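Report on the following structure.
The model shown is predicted, which means the values in this text are computed figures rather than measured ones. Remember, it's 1-based here, ligands and their atoms both numbered in the order they're listed.
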Amino acid sequence: MESLAGYVYKAASEGRVLTLAALLLNHSETETRYLLNYVTHLAGQRSTPLIIAARNGHEKVVRFLLDHYRVDTEQTGTVRFDGYVIDGATALWCAAGAGHFEVVQLLVSHSANVNHTTVTNSTPLRAACFDGRLDIVRYLVEHLADISIANKYDNTCLMIAAYKGHSDVVDFLLERGANPNAKAHCGATALHFAAEAGHLDIRAARRTWWSCCCSIRTATLESRIEALELLGASFANDREYYDILKTYHYLYLAMLERMRDHEHPVVKSQLPPVPAYGGRSECQSLTELEAIRLDHDALHMEGLKVRERILGSENIDVSHPIIYRGAVYADNMEFDRCIKLWLHALHLRQRSNRNTHKDLLRFAQVFSQMVHLKETVQPADVEQVLSCSVLEIQRSMARMESTPEPELPAATDNLESNIFTFLYLLCISTHTQCSAAQRACINKHVYQLLQLDPRSREGSSLLHLAISSSTPVDDFHTNDVCSFPNAQVTKLLLDCGAQVNAVDNEGNSPLHIIVQYNRPISDFLTLHAIIISLVESGAHTDMTNKQKKTPLDKSTTGVSEILLKTQMKMSLKCLAARAVRQHHITYRNQIPRTLEEFVEFH
Ligand SMILES: *[C@@H]1O[C@H](CO)[C@@H](O)[C@H](O)[C@H]1NC(C)=O
């Protein structure tokens with residue numbers, strides 16, 4: 001039955017209605033229901049025959065399934081659209097989003113619920129607005145679709161149409177009473193979204209943008225002014241559409257609007273000055289704005305301030321221009337300003353619970369570049385990034401707990417990358433000049449992470465990874481400074497309380513790993529320093545892994561063998577434990593509990 005269900009799905013997906021009819025012939029009612037409710041997992045989608053047929057626009061298949069088999073129109077599945085994964089989508093949602101008008105009509109005439117929302121509360125109408133299909137939008141609204149249902153971010157149909165620049169859809173929705181002043185979760189209105197998108201396509205969009213703005217006549221004066229300000233800001237810090245004259249032009253227009261009524265100017269709400277933006281407040285008057293007309297740097301910062309004020313610090317789009325501007329500084333060797341901006345963006349992103357792995361890696365890269373160029377890396381900056389890195393790892397570990405099976409590999413990748421980035425940062429910290437107090441601050445974060453004890457997919461601890469030559473090193477500047485095995489990082493970890501005898505999934509201790517290092521001659525000092533550090537911290541030289549091999553057995557070179565032998569301090573206690581193991585003498589419940597563990601790893 002299961003493989004038959006697969007064929008049924010395939011036929012529906014490809015629009016082969018005759019094949020489908022043949023496959024469904026001569027089955028009991030229960031079997032038929034099984035086949036038509038069967039959820040096929042394929043290429044990241046999980047859907048039924050009806051949903052996939054609607055998604056792919058196969059009108060005949062949809063009609064056949066509805067007319068002959070009365071398939072439930074409210075089935076939901078997971079589908080992919082332009083790289084987005086949509087959970088809980090109905091057939092109608094899919095048809096509306098993919099622009100299949102006849103399928104939409106068919107489903108609605110078979111009583112499909114026009115208000116059925118996805119897991120993120122997106123309606124079929126929203127899907128059609130995104131796509132800019134006025135015919136479908138009009139049809140759904142005429143069939144009583146609710147135009148006021150917003151998605152889980154309180155983002156309305158009007159906002160998405162404005163953002164995508166579909167001015168005909170915007171006009172239509174306004175005509176039908178959509179509220180232009182509704183605010184999304186991030187505080188933005190439809191006009192803000194239109195302004196955000198205003199710069200995306202210079203030629204075509206300028207016209208659509210203005211017509212969107214003009215359509216929204218009922219919007220408040222303040223939100224129209226903010227739309228102009230956002231438009232200005234969008235030209236200040238964007239690689240592709242950078243145009244500082246336009247920034248000034250739109251900010252000036254907005255200021256004129258603010259001052260139009262001398263008695264009652266529309267006053268900006270002021271955020272406290274952000275040091276990363278140069279510590280200055282936003283301009284409050286035409287005079288103040290005129291004073292920075294030729295000061296491009298001040299205009300760049302003005303753009304960032306405008307965005308953070310209007311879009312709110314939680315908005316996902318706020319951080320991109322900040323990062324871009326920082327990168328421009330880094331390219332000009334103004335590392336100090338770059339790092340201030342990036343730290344600000346990192347804090348914003350982390351505060352709103354975003355995945356910050358790329359941000360953290362970016363710091364490892366720029367710090368490495370600085371170390372390489374002999375620029376001073378401030379310990380306080382490294383410390384802040386390390387602290388964010390610990391939090392990110394803590395969050396990745398917490399996320400793993402609730403990650404469903406199919407997404408585990410991606411979550412594990414993410415956790416591992418975060419652990420590697422932490423090690424790069426640690427390595428960088430060993431290259432910075434720290435006072436004792438600064439060192440203590442850094443060590444505190446290392447200690448915190450060691451307490452969390454994050455592990456790679458092979459079960460390697462931080463210490464295993466610090467001494468393993470298979471730990472990957474990012475190759476954009478980072479590898480100029482960081483490499484593994486790394487004696488300084490090993491020492492730092494041990495000083496902060498790393499478990500020297502921790503074992504990975506194969507039962508290997510760090511000592512098992514380091515004795516397999518294949519550059520014992522050219523990198524003798526590293527090998528030597530690490531073995532000494534491990535043994536001095538109490539590494540057991542005769543501990544066995546799952547294959548009953550000691551580090552000495554695993555030594556792949558004469559050099560590590562000799563180093564190990566000179567460090568081995570075989571005690572009577574160890575010899576006794578080995579004898580017990582070798583001769584299979586029973587010891588459980590006959591010796592103190594604490595000794596049982598000791599015997600076990602010999
Ligand atoms: C959809 O919502 C609108 C507005 O609330 C309502 O009038 C209509 O009856 C709803 N349609 C369905 C099928 O629930």
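- Near ligand 1, heavy-atom contacts under 4.0 Å come from N113, N115, L144, D146.
- Using a 4.0 Å cut-off between a side-chain N of Lys or Arg and a carboxylate O of Asp or Glu, E392 and R399 qualify as a salt bridge.
- The distance between the ring centers of Y329 and W342 does not fall below 6.0 angstrom.
- Cation-pi contact between K305 and Y277: absent, since separation from the ring centre below 6.0 Å together with deviation from the ring axis within 45° is not met.
- With 3.5 Å as the limit, one finds no donor-acceptor pair spanning the side chains of D243 and Y248.
- Two rings, from Y242 and H300, have their centers less than 6.0 Å apart.
- Under the 4.0 Å criterion applied to side-chain N and carboxylate O atoms, E288 and R280 are not assigned as salt-bridge partners.
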